[in-house]
Amino acid sequence: MTIRTAEVLVTSPGRNFVTLRITTDDGVVGLGDATVNGRELATVAYLKEHVVPLLIGKDEHNIEDMWQFLYRGAYWRRGPITMAAIAAVDVALWDIKAKIASLPLYQLLGGASRIGALAYGHASGSDTESLFTSIRNHLDQGFKAIRVQTGVPGLGQIYGVAGDQRPGERYDYEPAKRLPLPAEETWDTRAYLRHVPTVFAAVRKEFGPELILLHDGHHRMTPNQAASLGKSLEPYDLFWLEDCTPGENQEGLRRVRSQTTTPLAIGEVFNTVHDYQTLITEQLIDYVRSAVTHTGGISALRKIMDFAAIYQIKSGFHGPTDISPVGQAAQLHLGMAIHNFGIQEYMKHSAETLEVFQTSYTFTDGLLHPGNNPGLGVDYNDELANTFDYTPAYLPVNRLLDGTVHDW
Ligand SMILES: O=C(O)[C@@H](O)[C@H](O)[C@H](O)CO
Ligand SMILES: [Mg+2]
């Protein structure tokens, strides 16, 4: 009935992951993800120096009390590092509780509300032809929903665009580059705003009205620019326009919302319910983009989703490859259980990553399912993990044509 050990594990099978492993005195093991892309060692230090000593000897069953102890007890509240560390503890304790109950975690969260979680994949191409190849590739894999990103004429490598690929090839866009300094990219919002509607017109013409399409603006527009893009994309019936503005300025979304009916999703860099307060109560968004890993865990994100449900706002949890298989499993269990599930982002992890983290979740006919193993359904292979040393990596920095640093 107590926590015996808590270990902070770092591995790098192609990219860096931080995992917290809690073991009880009965030998039950729980895993939690604390990966913050490009700033991984900050959560390692926060956990090792300031959280692990607080866990030893505590009752593993009191998840809510532990969450409040770590959140209120720190005095310095919120922030991505603190909330990722709390998330790792929270998820590991839910994993343990479900294993003790011998149930898949979603059963403890209320049971299954659906047969599976509708997933969207990432198609991209430097031009329309390579984008179409990538979309066909995703359709072949069974995706029913696809995010579309392309290059912009006149700009070089930009957010969201993988190298061109042939049918059957793996999509491998990874923004965090393993370089000693961040890569720098060039950006021009006017060129982007002119180009994107032509891309969606071409995609609709080629693939028809049925396919679910999404797009990520990656925080680059002002509210006025975002309103303009939302309007110009209305004929193409997007499932959502993501991160159209930086989003910390919640009031700024009023301008976007009042001008366009294109659905809006925001929140992958948010870390508590307070980041959403105005957005939710004024119904300025349609989808909550938080990941379990970056928002204080299952306990906290569940509360955000219950709050959002009152306003007909649904989930669209952040699921790129920098969310580890542990974090992805946690949000699949949550997504199975909540009523206001919307869609789940799904970028398949590399083969090496899925050998380090052995998962029970499946992807069939466009739907993800967390599997029915007790707990999260993820096992950690220490021996293999230890062969992959931590390698520093940075997300890119974005500059305007005149050299000014812009939102990336
Ligand atoms: O915007 C997204 O959906 C992601 O690709 C993020 O850029 C990445 O997860 C940052 O670590
Ligand atoms: Mg995004």
Side-chain angles (χ1 to χ4, degrees), residues 12 14-18 33-43 80-81 83-84 87 119-124 134 145-150 157-163 171-179 182-185 187 192 196 213-221 226 229 238-248 253 262-271 275 279 285-295 315-328 331 342-350 353 391-398 406-408:
S12 197
R15 57 159 315 109
N16 298 315
F17 294 110
V18 180
D33 175 27
T35 309
V36 177
N37 201 8
R39 294 291 185 273
E40 297 87 359
L41 298 186
T43 45
I81 304 304
M83 299 314 291
Y120 74 90
H122 288 201
S124 74
S134 176
I146 299 179
R147 188 184 89 157
V148 166
Q149 307 291 135
T150 61
Q157 166 66 44
I158 58 167
Y159 169 76
V161 183
Y171 171 85
D172 261 327
Y173 171 69
E174 169 52 63
K177 300 283 182 300
R178 296 173 157 227
L179 299 169
E184 299 202 2
E185 297 176 355
W187 184 247
Y192 165 79
V196 174
L213 297 175
L214 306 87
H215 180 69
D216 191 344
H218 226 252
H219 325 273
R220 287 151 192 224
M221 288 166 271
L229 180 63
L238 264 61
F239 186 91
W240 78 35
L241 171 61
E242 172 183 347
D243 285 337
C244 60
T245 69
E248 298 100 315
L253 270 292
T262 293
L264 303 174
I266 220 159
E268 68 186 40
V269 301
F270 292 175
N271 47 72
D275 300 321
L279 296 176
I285 55 171
D286 300 275
Y287 297 94
V288 164
R289 279 290 286 151
S290 280
V292 160
T293 301
H294 299 140
T295 320
S315 69
F317 302 148
H318 191 212
T321 45
D322 46 289
I323 303 296
S324 87
V326 174
Q328 183 74 340
Q331 53 201 19
I343 201 165
Q344 176 60 55
E345 185 176 24
Y346 176 47
M347 247 176 115
K348 197 170 183 234
H349 288 100
S350 70
T353 299
T391 309
Y394 282 98
L395 289 167
V397 170
N398 212 14
H406 192 61
D407 302 278
W408 173 70

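First listed ligand is number 1; within each ligand, the first listed atom is number 1.
A donor-acceptor contact shorter than 3.5 Å links the side chain of Asp33 to the backbone of Ser324.
Between Tyr192 and His215, the ring planes are parallel. Angles under 30° get that label, and only those over 60° would be called perpendicular.
Counted by atom type alone, Ser12 and Arg178 present one or more donor-acceptor pairs between their side chains at under 3.5 Å.
Pocket lining of ligand 1, defined as residues with a non-hydrogen atom under 4.0 Å away: Asn37, Arg147, Tyr159, Asp216, His218, Glu242, Glu268, Arg289, His318, Pro320, Asp322, Glu345, Leu395, Trp408.
Residues passing the salt bridge (charged side-chain N to carboxylate O under 4.0 Å, His left out) test with Arg289, sequence neighbours excluded: Glu242, Glu268, Glu345.
Remark: of the listed residues Val36, Val269, Ile81, Thr35, Val36 is the sole one forming a side-chain contact (heavy atoms from CB on, under 4.5 Å) with His294.
Aromatic rings of His218 and Trp408 (six-membered ring for Trp) have centroids within the 6.0 Å cut-off, being under it.
Rounded to 10 degrees, the OE1-metal-OD2 angle spanning Glu268 and Asp216 at the Mg ion (ligand 2) equals 170°.
Under 2.8 Å from the Mg ion (ligand 2) lies an N/O/S atom of Glu242, whether from backbone or side chain.
We find the CD-CD distance between Glu184 and Gln157 to be 14.0 Å, quoted to the nearest 0.5 Å.
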